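See below for the structure under consideration.
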2 protein chains.
Amino acid sequence: MSFYLNQTKFLVSVDCVIFGYEEEQLKLLLYPRAFEPVKGSWSLMGGFVKELESADEAANRVLMETTGLSNIFLEQVSTFSELSRDPFERVISVVYFALIRINQSDEELVKSHGAKWWPVNNLPKLIFDHREMVEKSMNILQQKAVSSLIGIELLQEKFTFMQLRKLYEAIYQREFDPGNFRKKILSLGVLERLNQKNSTESKKGAYYYRLKPNVRIEVLDRIVKI
Amino acid sequence: MSFYLNQTKFLVSVDCVIFGYEEEQLKLLLYPRAFEPVKGSWSLMGGFVKELESADEAANRVLMETTGLSNIFLEQVSTFSELSRDPFERVISVVYFALIRINQSDEELVKSHGAKWWPVNNLPKLIFDHREMVEKSMNILQQKAVSSLIGIELLQEKFTFMQLRKLYEAIYQREFDPGNFRKKILSLGVLERLNQKNSTESKKGAYYYRLKPNVRIEVLDRIVKI
DNA sequence: GCAAAAGTGTTTGCCATACACCCATGT
DNA sequence: ACATGGGTGTATGGCAAACACTTTTGC
């Protein structure tokens with residue numbers, strides 16, 4: 001047991017990179033820092049890990065406290081532990097990224113923190129190493145979306161192919177051929193067409209699709225060529 | 001500053017998944033646990049993060065203390081923070097994986113800890129959640145090797161195509177066509193042939209190759225099809 | 001009629017895979 | 001002579017990308 005004595009203990013926090021999708025843009029939920037220094041600077045939402053919870057649980061709690069959502073797609077990105085990453089005090093931070101449906105979040109709750117959705121390709125200056133946290137998360141999101149329909153977590157339950165394609169275009173910051181994209185996704189065999197059309201975004205109207213029940217969003221095939 | 005008060009602090013450790021390559025097998029360096037309970041059970045090498053070091057630095061230190069090596073390929077895998085992952089006490093562990101050249105390690109130092117190299121497909125029972133740490137590391141190694149000649153970190157500076165191929169076969173636990181493998185790797189343009197042959201492993205003798213100086217092991221192309 | 005998205009089909013070129021084939025040499 | 005790995009070349013199938021084309025409907 002001597003191994004465990006006289007070892008330094010650390011404050012451990014979680015920081016959440018919260019992705020949303022709105023107006024054909026990938027967005028991040030950011031908060032103005034509430035205290036000095038750099039008060040008012042924009043920041044990821046975070047919080048300290050508590051005595052009786054894991055980092056995963058802490059991240060879920062933070063997400064619940066700030067968006068009112070539970071059972072959210074959440075995944076660990078990396079842990080940041082540089083000595084001076086937080087000029088206040090030594091804090092080791094475990095970073096998570098989350099995918100949420102913006103319109104399902106509790107708008108009042110979000111506003112009460114002064115939070116704002118920012119397009120990922122037009123972010124404000126972020127405190128500390130938060131910019132790096134965002135970039136790592138973005139990389140992981142892109143990597144995951146190659147072999148998983150993970151992005152669906154950002155759309156409504158039912159969606160058209162155009163909506164799905166625009167989402168992928170936002171994630172990869174490039175365009176996809178509409179015909180080829182449709183064929184590729186359909187070939188995965190995980191979507192089903194509903195007997196319902198969306199007529200607000202095109203003249204002809206486009207069928208809604210949704211994920212088949214009891215199907216995994218991780219697919220064997222590659223959706224995007226790397 | 002009130003944010004920082006009354007927050008629980010945690011013991012933070014690093015655990016290192018140390019990969020080596022020997023006798024055409026991918027191996028892991030494991031240590032018999034030195035204290036009760038589960039004394040003698042096999043374990044990854046780890047240590048607590050100290051007050052004035054980052055987790056990265058702690059991992060490098062642990063690696064130096066156990067193998068005598070510095071400047072090693074080392075990469076963060078994930079952080080494990082479940083409440084009861086260590087039955088002794090609450091410890092949050094940041095896991096790293098390392099790639100080393102077995103014959104360059106300090107054999108005396110390794111032996112002095114009672115450490116042993118185990119083939120990855122024939123590991124003993126590991127303590128706590130170390131098995132899961134190994135599996136995550138293995139996944140990341142496979143993923144990285146797709147678009148990087150990362151595996152070279154496990155070979156000598158000069159190597160034949162057969163040696164490189166056998167290494168890849170060990171990493172992916174499958175066979176590669178010798179001719180196609182050679183062409184694929186050569187097409188990356190990052191290896192150079194030396195005027196020197198290895199005659200111990202074949203009758204005809206095979207040229208040694210090495211990584212070109214000032215070249216990145218991350219390549220744009222995909223080496224292994226996923 | 002025109003524009004714009006929906007949806008389907010066709011063509012092309014690249015690339016992974018399979019495999020044939022000769023070379024060099026130790027036994 | 002033969003087995004074995006070294007090394008190069010070739011044929012083939014599958015798939016991504018480019019793009020042509022028809023349909024539908026709001027304007």
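The shown structure was predicted, so the numbers you read here are calculated from the model rather than taken from an experiment. Atom set for the values below is all heavy atoms of this structure, side chains included, hydrogens, waters and symmetry mates excluded.
Checking D:dC19, C:dA6, D:dA3 against every side-chain atom of A:Met162, the shortest atom distance belongs to C:dA6.
Taking a 6.0 Å sphere around NZ of A:Lys144, one finds it holds 12 or fewer heavy atoms contributed by other residues, nucleotides or ligands.
Residue B:Tyr207 is in sugar-phosphate contact alone, with no base atom involved, counting any heavy-atom pair closer than 4.0 Å across all strands shown.
Taking atom NZ on B:Lys203 and atom P on C:dG26, their separation rounds to 10 Å, with Å as the unit. Note: CZ (B:Phe176) to P (D:dG5) measures 18 Å, nearest angstrom. Spacing between atom CD of B:Glu201 and atom C1' of C:dA24 amounts to 17 Å, rounded to whole angstrom units. Rounded to an integer number of Å, the gap from A:Asp177 CG to C:dA5 P is 14 Å.
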Start with the C-alpha gap between B:Asn198 and B:Thr160, add the side-chain angles, then the distance that decides, and say whether side chain to side chain donor-acceptor pair (under 3.5 Å) holds. CA-CA 7 Å; B:Asn198 171 322; B:Thr160 64; 5.2 Å; no

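Classification of the A:Tyr172-A:Phe176 ring pair by plane angle, with boundaries at 30° and 60°, yields perpendicular.
Contacts between residues 178-199 of chain B and DNA chain D, defined by a heavy-atom separation below 4.0 Å, involve B:Gly179, B:Arg182, B:Lys183, listed by number.
Between the CG atom of A:Asp177 and the CZ atom of A:Arg182 there is a distance of 11.0 Å, given to the nearest 0.5 Å.
A salt bridge links A:Glu135 with A:Arg131: at least one charged nitrogen is closer than 4.0 Å to a carboxylate oxygen.
Comparing B:Lys225 and B:Ser202 by the nucleotide of DNA chain C that holds the closest heavy atom to each, the one mapping nearer the 5' end is B:Lys225. Each of B:Gly205 and B:Arg222 was assigned the nucleotide of DNA chain C with the nearest heavy atom; the assignment lying further toward the 5' end belongs to B:Arg222.
At least one donor-acceptor pair closer than 3.5 Å links the side chain of B:His130 to the backbone N or O of B:Leu44.
For A:Lys204 against D:dT23, a side-chain-to-base donor-acceptor contact under 3.5 Å is present.
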